[in-house]
Amino acid sequence: MYMSTDEVRNAFLSFFESKGHQIVDSSSLVPHNDPTLLFTNAGMNQFKDCFLGLEKRSYTRATTAQRCVRAGGKHNDLENVGFTARHHTFFEMLGNFSFGDYFKEDAIKYAWEFLTTVLKLPEDRLLVTVYKTDDEAFNIWNKIIGLPEDRIVRIGDKEGGKAYESDNFWQMGDTGPCGPCSEIFYDHGDHIWGGRPGTPEEDGDRFIEIWNNVFMQFNRKADGTMEELPKPSVDTGMGLERISAIMQEVHSNYEIDVFQTLIKASADVIGYEDLSNQSLRVVADHIRSCSFLIVDGVMPSNEGRGYVLRRIIRRAVRHGNKLGAKGVFFYKLVGILADVMGTAGKVLKEQQAVVEKVLRIEEENFGRTLDRGMAILNEALDNLNGDVLDGETVFKLYDTYGFPADLTNDVARERGFTIDEAGFESAMEAQRQRAREAGQFDTDYNDKIKTETNTEFCGYTATQGHSEVVELFVDGHAVDSLSAGDKAIVVLKETPFYAESGGQAGDAGVIETTSGRFVVEDTQKLGNATAHHGVLQEGVLAKGDDVKALVNEARRVASSLNHSATHLLHAALRQVLGTHVAQKGSLVRAEALRFDFSHLEAMTAEELKKVERLVNEQIRRNHVIQTEIMDIDAAKEKGAMALFGEKYDDQVRVLSMGDFSTELCGGIHATHTGDIGLFKIVSESGIAAGIRRIEAVTGEAALDYLEAQAEKYEEKVDEMAHKAKSLEKEIHHLKDQLASQAGSNLANQAKQISGVNVLVAQLDGADNKALRGMVDELKNQLGSAIIMLGNVADGKIGLIAGVTKDLTGKVKAGELVNMVAQQVGGKGGGRPDMAQAGGSDAKALPAALESVDAWLAERL
């Protein structure tokens, strides 16, 4: 019975939902609360604390289709991907789980019912394994399910290994929950080489494991003894790609519908026709892991998870280029992947544009170095003596050209060579040591001072308090007392001074006694102690002294306002730019704040405006800033954002600002968002690939900034006004010159009526204000004349008439200009020798000017 991959996934979840299981969404590929894992690599990862009894949920049965990645750390299948039938960097694990609810019998019944009734797999193609001493599981398979004994294989401990070291015995660690497994295998047929599990030929491809039932039955103690768990549990897993291959009657996972679609799409965007090429498999596999890692917040970088992502992207690009890809191609597969993943592709569709952009930028960056790096690598392989490429060359390719070692290994393997992995690691360690040495400073109290003091912090609600001097240090050495002028570190039993942490600067202030005054310039952590750095301004200070600790309140308040603003800024950035935005660092001081975050390109002016408005809107709403102490899981349920990579205690501080921002934070904050007053972004810039930085000010500093900007604007306006006046004078002067020049040209157009010089002309686009100067110039040139000029500028009509004084007894300028003006929708008048008017009908002007000759002939 053929079923698509999406149909298999939905059938599995629906089946277990019908058996009382809660369908739980796939967790992130980044296991934020499990530092032991690089990526989520199994369905049970998100339920680990449930199995350990550390977490209780509202359900005792669950089922998931969990996204998994195995491409780094302990579980790394990268080199095999594309070259075997079932290795992937990304896969989905179908699972059903019981947390102290049902156990072996129900788990086995459910598995068998789903495989044989829902999927309708032939029973004679299935066989199972059990742990050698697990008679209970054996009897369930044999007596209840009815599976013949010859299709139930007992698997013992590994040869030479310790007890319970078996493929059919699972354990979470050296101690803790553990138990036997029962795996279900599918027989692909005797036409494929391979033997039954437990035989020397078990690594063949005939018998493929499709389901693993883990029975958490025991608690393994440090001495190796096994205790029965009071509430045994079940953890199962079935690879979606493997079972889909069976349902689609193909042998290789790369032949199922999802991969066939991706392989065909890869061939299309690359421009390659042979769909059997293994490089197409690599590209098809890698687009899945890269896309979903980015969806879950991983960005390409040179360390940690980001470096693994970069390696996978570059491996895919290199295989595409190997097939002749021209230009960027990899990102074009994202939309096709989102479609072919069915219901699991929904999360990808929501972030498709972001994923495409990340992949395109990374591919473009790599493209700039790929050709040069490949040339160096091929030259090194051409000149190689032997069959091992030295580690220094592998390191040079990595360090200079961004070639991951496994990519170099891929190329070398294709040409029959291997790489010196030990030599590469040695070169890498040498680089790390150089970095460590370059980062050392001559004076660093934290490197020198050792203390066992555990200072109690009492500054969340107070800025002063009484305490006792526990330790004193000068130049890194412990002393019993200080004298005036000593630069030192003071450690108190308890303190209201906040030590720099989480990006928030340390407090300043004073520590006073009846005989001394110590000025605190900065406060830092010193292990569990709080180190007050400063100078004894006067008197003496000794161990055991009772002191009064006084925090600089103005500085503390300003810092707290900026710290609260970073939380609002973080939330606003995620709203405006997308949920891929994650904090990558911050610096909160009294003067200003700095916030670094993941984003691929410079923010637009409009985006910055939206973010600024959102933050100020939340400030005006004057939310109460609430702080709650709760366990980490409750904080997650509340939706609190945690900084990735930060280590949190079991009890955490959850800071909420209305429903706009909820984060884990141990810093000092305002009591209401309204206390912040005003938020103003000063700058936005890039500081690294995919990392942007915003600098901003709040409160009084924001007002100071705006006032300074306003003064600058005023100065600029005054400067521009002065410049405008100068330009106006210059323009007026130039216009007078142009009018004079135009007058000289017009004088040649004068004619005579009854022996009198007459000039009638229409101008277009001249400055109406310059017409008077033009008439004066014409009078000077013609000596005795009557002049009538009409001008159209910006849709307005300007009329001017000029009559030399010897002719004003016969013709009055005012009468002449008024006669013309009446014909163009206006009126005018003036002195006998000079008169001006306006009009509105530009189309009538030519005829009106033509009437002047006849009008003058009657009067001359």
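Keep in mind that this is a model prediction, so the values were computed, not measured. Any value given below was found using the heavy atoms of this structure, including those in side chains, with hydrogens, waters and symmetry copies removed.
A 4.5 Å side-chain heavy-atom check between V588 and T566 finds at least one atom pair inside the cut-off. Taking the side chain as every heavy atom from C-beta outward, V615 and I676 never approach each other to under 4.5 Å. Under the 4.5 Å side-chain criterion, counting only non-hydrogen atoms from C-beta, T523 is not in contact with V551. A 4.5 Å side-chain heavy-atom check between L293 and R305 finds every atom pair outside the cut-off. Side chains of M834 and D776 form a contact here, defined as non-hydrogen atoms less than 4.5 Å apart. Contact check for L569 versus F679: side-chain heavy atoms found under the 4.5 Å cut-off. V490 places a side-chain heavy atom less than 4.5 Å from the side chain of L482. Inter-residue side-chain proximity for E500 and K525 is flagged as unmet; no heavy-atom pair is nearer than 4.5 Å.
Of all heavy-atom pairs spanning Q352 and A338, the tightest one is OE1-CB, 4.5 Å. The shortest heavy-atom contact between M299 and S598 is CG-CB, 4.5 Å. Heavy-atom minimum distance, S291 versus V334: OG-CG2, 3.9 Å. Here the shortest heavy-atom pairing between G459 and I668 reads O-CD1, 3.9 Å. Scanning all heavy atoms of the two residues, the minimum distance from T455 to L492 falls at OG1-O, 3.0 Å. Closest approach of A821 to L799, counting heavy atoms only: CA-CD1, 3.5 Å.
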List the steps, then state whether side-chain contact (heavy atoms from CB on, under 4.5 Å) holds for I361 with K357. CA-CA 6 Å; I361 291 173; K357 187 177 293 185; 3.9 Å; yes

Could you give me the CA-CA distance, side-chain angles and deciding distance for Y498 and S559, then say whether side-chain contact (heavy atoms from CB on, under 4.5 Å) is met? CA-CA 11 Å; Y498 181 79; S559 294; over 6 Å; no

Apply salt bridge (charged side-chain N to carboxylate O under 4.0 Å, His left out) to residues E364 and R360 and explain how you reach the verdict. CA-CA 6 Å; E364 288 171 347; R360 188 185 74 248; 3.7 Å; yes

side-chain contact (heavy atoms from CB on, under 4.5 Å) between S840 and I797: does it pass, once the steps are laid out? CA-CA 6 Å; S840 58; I797 297 174; 5.9 Å; no

Checking V817 against Q836 for the side-chain contact (heavy atoms from CB on, under 4.5 Å) test, could you report, in this order, the C-alpha distance in whole Å, the side-chain angles of both residues, the deciding distance, and whether it holds? CA-CA 7 Å; V817 80; Q836 287 184 273; 5.7 Å; no

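D675 places no side-chain N or O within 3.5 Å of a backbone atom of A670 that could act as its donor or acceptor partner. Without hydrogens or angle criteria, S656 side chain to Q626 main chain gives no donor-acceptor distance under 3.5 Å. Of the possible donor and acceptor atoms, one in the side chain of N562 sits under 3.5 Å from a partner among the backbone N and O of R589. Side-chain N or O atoms of E684 include none that pairs as donor or acceptor with a backbone N or O of L608 at under 3.5 Å. A distance-only check finds no donor-acceptor pair linking the side chain of S515 to the backbone of G539 [under 3.5 Å]. A donor-acceptor pair under 3.5 Å is formed between the side chain of S28 and the backbone N or O of V30. Between the side chain of R693 and the backbone N or O of S685 there is no donor-acceptor pair closer than 3.5 Å. One N or O on the side chain of T673 and one on the backbone of H623 form a donor-acceptor pair closer than 3.5 Å. Between the side chain of R692 and the main chain of F597, no donor-acceptor pair closer than 3.5 Å is present. Using modelled atom types, no side-chain atom of S661 and backbone atom of L568 make a donor-acceptor pair closer than 3.5 Å.
A distance of 10.0 Å separates CG in D486 from CG in L541, rounded to the nearest 0.5 Å. Within the model, atoms CZ of F473 and CG of L526 stand 6.5 Å from one another, a figure rounded to the nearest 0.5 Å. A distance of 10.0 Å separates CZ in F518 from NZ in K487, rounded to the nearest 0.5 Å. Between the NE2 atom of H567 and the NE2 atom of H669 there is a distance of 3.5 Å, given to the nearest 0.5 Å. For the atom pair Q762 CD and L845 CG, the distance stands at 4.0 Å (nearest 0.5 Å). L664 contributes atom CG, which lies 11.0 Å from atom CZ of R653 (distance to the nearest 0.5 angstrom).
Summarising the local packing, CD of E700 is surrounded by 12 or fewer heavy atoms from other residues, nucleotides or ligands at distances under 6.0 Å. Under a cut-off of 6.0 angstrom, the local environment of CD in Q575 is crowded, with over 12 non-hydrogen atoms contributed by other residues, nucleotides or ligands.
When only modelled atom types and interatomic distance are considered, E695 and S683 share a side-chain donor-acceptor pair under 3.5 Å. H532 and T495 share a side-chain donor-acceptor pair at under 3.5 Å. Judged by distance alone, the side chains of H570 and E663 do bring a donor and an acceptor atom under 3.5 Å apart.
Taking the centre and axis of the six-membered ring of F660, the NZ or CZ atom of R621 falls outside the cone set by 45° and 6.0 Å.
Salt bridge K493/E456: absent, no basic N to carboxylate O contact under 4.0 Å.
In summary, of the residues considered (R517, Q464, K548), a side-chain hydrogen bond (donor to acceptor under 3.5 Å, both in side chains) with E512 occurs for R517 alone.
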